[in-house]
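Reviewing the structure listed below.
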Number of protein chains: 2
Amino acid sequence: MSPHKEHNPNCCCRRIRGHGRRMTPARHAVLDALSERGEHLTAEEVFRSAARRYPNLGLATVYRTLELLTELGMVSRFDTGDDKARYEFADPTGAKGHHHHLVCTSCRKIIDYKDFIKEETELLRSTEEGLSRKYGFKINSHVIQFYGVCRECGG
Amino acid sequence: MSPHKEHNPNCCCRRIRGHGRRMTPARHAVLDALSERGEHLTAEEVFRSAARRYPNLGLATVYRTLELLTELGMVSRFDTGDDKARYEFADPTGAKGHHHHLVCTSCRKIIDYKDFIKEETELLRSTEEGLSRKYGFKINSHVIQFYGVCRECGG
DNA sequence: ATATAATTGAGAACGATTCTCAATAACTAT
DNA sequence: ATAGTTATTGAGAATCGTTCTCAATTATAT
Ligand SMILES: [Zn+2]
Ligand SMILES: [Zn+2]
Ligand SMILES: [Zn+2]
Ligand SMILES: [Zn+2]
């Protein structure tokens, strides 16, 4: 197996093993693809990327691994309105860090922005607290996305 | 055709006709279903509800109508992570008004909340302006959703 | 009433995701 | 290292929400 790059392999492996799951080359390949290829990848894109290093990989395994990583909170899954789920590392302390999305409804481009993350995060925290108190919800994650038309598409 | 209830039929009809489209019993039925049945309905739910009044209705027509209404900005479509699109009236001045969503990942319940809408809307406005300036985006809509576990599910 | 073009319902088709199952391989305890 | 236990795998079938096709219908303008 090739070494990991941007994510900590020991951390990932430990996290996976800690939940009684096994570390396999297929899962390594998916983790590598996620950290190399960057953000908001579809399962198909992860598959194509991971299969280059691990040709025997099956698409179903990619789906299963992405589901597992999502359950463990290591990956976040989200939709942008085109009937394909997107996946990216959920690590808020990583290189990319926590960000939100700007989606062009014309060309489907997705822009990660962090520009207003600080104010947004602050408001989110207090909102989460309020909602938690009022509705008895234990909030685990949030999605903030803006939809519109990008510059190239005539925005 | 039965009369509309919570939404203004003349407004809807005018809006649809204004775009060179025709007003039909099928579209009436969909509009009625949306206003009677409340928020975050799946296409299937809209279909079942509308078909009670207009038994000849086809599911494909419901999808087409929801798409049309979404294009016209009368309806908003969103996902909550269960592979089924949800639809609800987008009328910010209506009875329900603009709101955001709280989604239980265990029982899939969706709670509409407006409690912090004011602060959120304020921040959104300035964020939209900033993003618009920096990325040349013309922002048309946004999605804010919190995911977690509801009280009944052990939140 | 007639003409024109939009709309419809039914079912086929599509595509993303999940399921099935026998074969394989990761971990555990010797 | 060995063997046993059991999670994981790949391949393809199956599922299911959504879209497409097309001939028949119908809303609207004249
Ligand atoms: Zn664009
Ligand atoms: Zn992203
Ligand atoms: Zn619940
Ligand atoms: Zn709602």
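Side chains are part of it too, since the values below use all heavy atoms of this structure and drop only hydrogens, waters and symmetry mates.
- Listed by chain and number, the residues in a side chain to side chain donor-acceptor pair (under 3.5 Å) with A/His99 are A/Glu88, A/His101, A/Asp112 (sequence neighbours excluded).
- For the side chain to side chain contact (heavy atoms under 4.5 Å, CB included) test, residues two or more places apart in sequence or in another chain that qualify with B/Val143 are A/Tyr147, B/Gln145.
- The span of DNA chain D lying next to chain A, judged by atoms under 4.0 Å from heavy atoms, is bounded 5' to 3' by D/dT6 to D/dG12.
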B/His40 and B/Phe78: side chain to side chain contact (heavy atoms under 4.5 Å, CB included), yes or no, with the steps?
CA-CA 8 Å; B/His40 38 77; B/Phe78 59 97; 3.5 Å; yes

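- Using a 3.5 Å distance cut-off with no hydrogens or angles, the side chains of A/Tyr113 and A/Glu120 do pair a donor with an acceptor.
- Partners of B/Asp83 according to the side chain to side chain donor-acceptor pair (under 3.5 Å) rule, which considers only residues two or more places apart in sequence or in another chain, are A/Arg77.
- For A/Leu59 and C/dG15, the CG to P distance is 14 Å, given to the nearest whole Å.
- For the side chain to side chain donor-acceptor pair (under 3.5 Å) test, residues two or more places apart in sequence or in another chain that qualify with B/Glu152 are B/Lys109.
- Partners of A/Glu45 according to the side chain to side chain contact (heavy atoms under 4.5 Å, CB included) rule, which considers only residues two or more places apart in sequence or in another chain, are A/Arg37, A/Leu41, A/Thr42, A/Arg48, A/Arg86.
- What separates CZ of A/Phe47 from C1' of C/dG15 is a distance of 16 Å, to the nearest Å.
- Residue B/Asp82 contributes atom CG, which lies 18 Å from atom P of C/dA16 at whole-angstrom precision.
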Could you run down nucleotides 22-30 of chain C 5' to 3' and tag each one B, S or - for protein heavy-atom contact under 4.0 Å?
----BS---

How does DNA chain C look in dot-bracket form if you count Watson-Crick and G-U pairs under 3.5 Å, write [ ] for pairs that cross, and put | where a base pairs with another strand?
||||||||||||||||||||||||||||||

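- Listed for the A/Arg52 side chain is no donor-acceptor partner under 3.5 Å among the backbone atoms of A/Phe47.
- Aromatic rings of A/His142 and A/His98 (six-membered ring for Trp) have centroids within the 6.0 Å cut-off, being under it.
- Listed by chain and residue number, nothing satisfies the salt bridge (Lys or Arg N to Asp or Glu O under 4.0 Å) test with A/Arg64 (two or more places apart in sequence, or in another chain).
- Nearest-nucleotide positions on DNA chain D place A/Ala60 closer to the 5' end than the other of A/Ala60 and B/Asp79.
- Between B/Asn140 and B/Lys138, the closest heavy-atom pair is OD1-NZ, 2.9 Å.
- In this structure, OH of B/Tyr54 is placed 14 Å from P of C/dT7, rounded to the nearest angstrom.
- Within residues 63-72 of chain B, the residues having any heavy atom closer than 4.0 Å to DNA chain C are, in order of number, B/Arg64.
- What separates CZ of B/Arg27 from C1' of C/dT8 is a distance of 10 Å, to the nearest Å.
- Not counting sequence neighbours, the partners of A/Glu129 by the side chain to side chain donor-acceptor pair (under 3.5 Å) test are A/Arg133.
- The nearest heavy atom of DNA chain C to B/Gly20 and to A/Arg77 marks one nucleotide each, and the one closer to the 5' end goes with B/Gly20.
- Listed by chain and number, the hydrophobic cluster partners of A/Leu123 are B/Leu123, where partners are ILVMFWY side chains within reach of under 4.5 Å, directly or through others.
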